[in-house]
Amino acid sequence: MTPVLSLENVSKSFGGIQAVKGCSFDVAPHLITGLIGPNGAGKTTVFNMITGFLPPDTGSIRLRGNELRGRSPHDIERRGVARTFQHLRLWQKMTVLDNVMLGCSTPLGENVLTLFLRPGAVAAEEATARLQAMEVLEFFGLADRAGELAESLAYPEQKLLSMARIYASDADVLLLDEPTSGLDNEWLHRLVPIVRKLADNGKTVLLIEHNMELVSELSDEVVFLHQGEVIARGKPAEITRDPALNEIYFGV
């Protein structure tokens with residue numbers, strides 16, 4: 001299977017600290033790949049380099065064979081890679097619907113001149129984006145909250161909204177940074193099938209997750225990162241049952 005996303009010998013240092021060292025792995029299309037490892041392993045730094053928020057010191061990051069290194073976050077998202085953040089970065093004073101509409105692709109509305117020269121086309125594009133956003137909210141179970149402000153949502157619902165916003169984009173590679181952190185068991189059981197459906201609907205998912213039970217349940221493949229290096233990859237059962245990896249991860 002040809003990978004949709006490939007990292008080869010990617011490294012990143014902050015002063016004298018080597019956060020990521022010679023990191024190489026592929027992400028297969030339409031599957032869920034879990035990126036796991038102990039705290040400080042470099043997982044979020046890898047996400048930041050893939051999405052253009054940090055420049056790699058060395059190495060190559062390719063999307064369908066095309067180099068992403070050196071491109072801006074906006075350009076990378078436009079090419080098909082979108083992400084959530086540990087800190088949700090929602091527009092709290094905007095409605096739930098408007099937050100998702102911001103994730104929809106509206107190229108005409110992004111051009112100020114077009115707003116004046118082709119107002120009808122821009123209005124039609126906005127109407128299409130509104131319908132698309134409502135369909136996305138239905139998918140995430142938030143349609144009944146569409147007209148409410150994002151700040152009025154409970155924390156688990158804000159987690160869903162952050163995922164809904166990137167799902168609404170044209171991106172086919174979704175990076176989820178700890179999507180279940182801070183959720184109780186009830187919300188975990190609600191969120192897991194939604195993440196699974198992302199891949200079932202054709203998205204490629206790379207996720208950072210600390211709950212090993214969920215990693216086993218969700219992931220098709222797991223990449224184990226330790227001190228910035230990939231030290232193992234394989235099926236979840238292989239990784240989670242490896243005594244040496246458990247000693248690194250749990251200290252037991």
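You'll find the side chain of R62 reaches within 4.5 Å of the side chain of E8, heavy atoms only. Side-chain contact check for L214 versus V195: every heavy-atom pair is 4.5 Å or farther apart. Side-chain contact between K12 and N48 is absent, with no heavy-atom pair separated by less than 4.5 Å. Considering only heavy atoms from C-beta on, F224 stays 4.5 Å or farther from D242 through its side chain. Put simply, the side chain of S169 does not reach to within 4.5 Å of the side chain of R78, judged on heavy atoms. With a 4.5 Å cut-off on side-chain heavy atoms, Q18 and S13 count as touching. Counting heavy atoms from C-beta outward, C23 and L225 have side chains that approach closer than 4.5 Å. You'll find the side chain of M163 reaches within 4.5 Å of the side chain of L191, heavy atoms only.
The hydrophobic cluster containing F53 does not contain V81, counting ILVMFWY residues as joined when their side-chain heavy atoms lie under 4.5 angstrom apart, directly or transitively. In the hydrophobic clustering of this structure, F25 groups with L54; members are Ile, Leu, Val, Met, Phe, Trp, Tyr whose side-chain heavy atoms approach within less than 4.5 Å, directly or through other members. L207 is not connected to V27 by any chain of hydrophobic side-chain contacts under 4.5 Å among Ile, Leu, Val, Met, Phe, Trp and Tyr, and they are in different clusters. V10 and V173 fall within a single hydrophobic cluster, where Ile, Leu, Val, Met, Phe, Trp and Tyr are joined by side-chain heavy atoms under 4.5 Å apart, directly or via other members.
Here the straight-line distance linking atom CD1 of I50 with atom CG of L206 works out to 5.5 Å at 0.5 Å rounding. Rounding to the nearest 0.5 angstrom, the gap separating the CD1 atom in I76 from the CG atom in L68 is 5.0 Å. Between the CD1 atom of I208 and the OG1 atom of T180 there is a distance of 11.5 Å, given to the nearest 0.5 Å.
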Please report, to 0.1 Å, the donor-acceptor pairs under 3.5 Å made by any side chain of residues 152-160, with sequence neighbours excluded.
from : atom 1 : to   : atom 2 : distance (Å)
S152 : OG     : E148 : OE1    : 3.3
S152 : OG     : L149 : O      : 2.6
E157 : OE1    : R145 : NH1    : 3.0
E157 : OE1    : A154 : N      : 2.9
E157 : OE2    : R145 : NH1    : 2.6
Q158 : OE1    : Q92  : NE2    : 3.3
Q158 : NE2    : A150 : O      : 3.2
Q158 : NE2    : L153 : O      : 3.2
K159 : NZ     : E178 : O      : 2.7
K159 : NZ     : S181 : OG     : 2.8

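Looking at S60 and E67, their side chains do bring a donor and an acceptor atom within 3.5 Å of each other. Under the 3.5 Å distance criterion, with hydrogens and angles disregarded, a donor-acceptor pair is assigned to the side chains of T95 and D98. Side-chain contact, S6 with D26: a donor N or O sits under 3.5 Å from an acceptor N or O.
Across all non-hydrogen atoms, the minimal contact from S216 to T240 is OG-CG2, 3.5 Å. Closest approach of H226 and P38 over heavy atoms only: ND1-CG, 3.8 Å. Taking all atoms of both residues into account, the shortest heavy-atom contact from L176 to I166 is CD2-CD1, 3.9 Å. Across all their heavy atoms, S219 and V222 have their closest contact at CB-CG2, 4.0 Å. G37 and K43 make their closest contact through O-NZ, 3.0 Å (heavy atoms, listed as atom of the first residue, atom of the second, distance). The two atoms that bring P3 and P29 nearest to each other are CA-CD, 4.3 Å, heavy atoms only.
Within the 3.5 Å criterion, the main-chain N or O of T84 finds no donor-acceptor partner in the side chain of D177. Without hydrogens or angle criteria, K203 side chain to A171 main chain gives a donor-acceptor distance under 3.5 Å. Formation of a donor-acceptor pair under 3.5 Å by the S11 side chain with backbone atoms of G22 is found in this model.
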Report the C-alpha separation of V100 and L161 in whole Å, then their side-chain angles, then the decisive distance to 0.1 Å, and conclude whether the side chain to side chain contact (heavy atoms under 4.5 Å, CB included) test is met. CA-CA 7 Å; V100 177; L161 181 56; 3.5 Å; yes
Would E77 and T51 count as a side chain to side chain contact (heavy atoms under 4.5 Å, CB included) if you check the C-alpha gap in whole Å, the side-chain angles of each, and the deciding distance to 0.1 Å? CA-CA 7 Å; E77 182 168 348; T51 52; over 6 Å; no
V4 vs L63, test: side chain to side chain contact (heavy atoms under 4.5 Å, CB included). Steps then yes/no. CA-CA 6 Å; V4 65; L63 177 69; 4.1 Å; yes
Apply side chain to side chain contact (heavy atoms under 4.5 Å, CB included) to the pair I231 and L245, showing each step before the final yes or no. CA-CA 9 Å; I231 62 170; L245 299 179; 3.7 Å; yes
Under the salt bridge (Lys or Arg N to Asp or Glu O under 4.0 Å) rule, what do R69 and D57 come out as? Steps first, then yes or no, please. CA-CA 10 Å; R69 185 179 175 186; D57 296 332; over 6 Å; no
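Within 6.0 Å of CZ on R241 lie no more than 12 heavy atoms contributed by other residues, nucleotides or ligands.
Within the structure, ring pair (Phe, Tyr, Trp, His ring centres under 6.0 Å) contacts touching residues 161-203 (residues at least two apart or in different chains) are F139-Y167, F140-Y167.
Taking 4.0 Å as the cut-off between side-chain N and carboxylate O, D200 and K197 do not count as a salt-bridged pair.
Qualifying side-chain contact (heavy atoms from CB on, under 4.5 Å) partners for E238, counting only residues two or more places apart in sequence or in other chains: K235.
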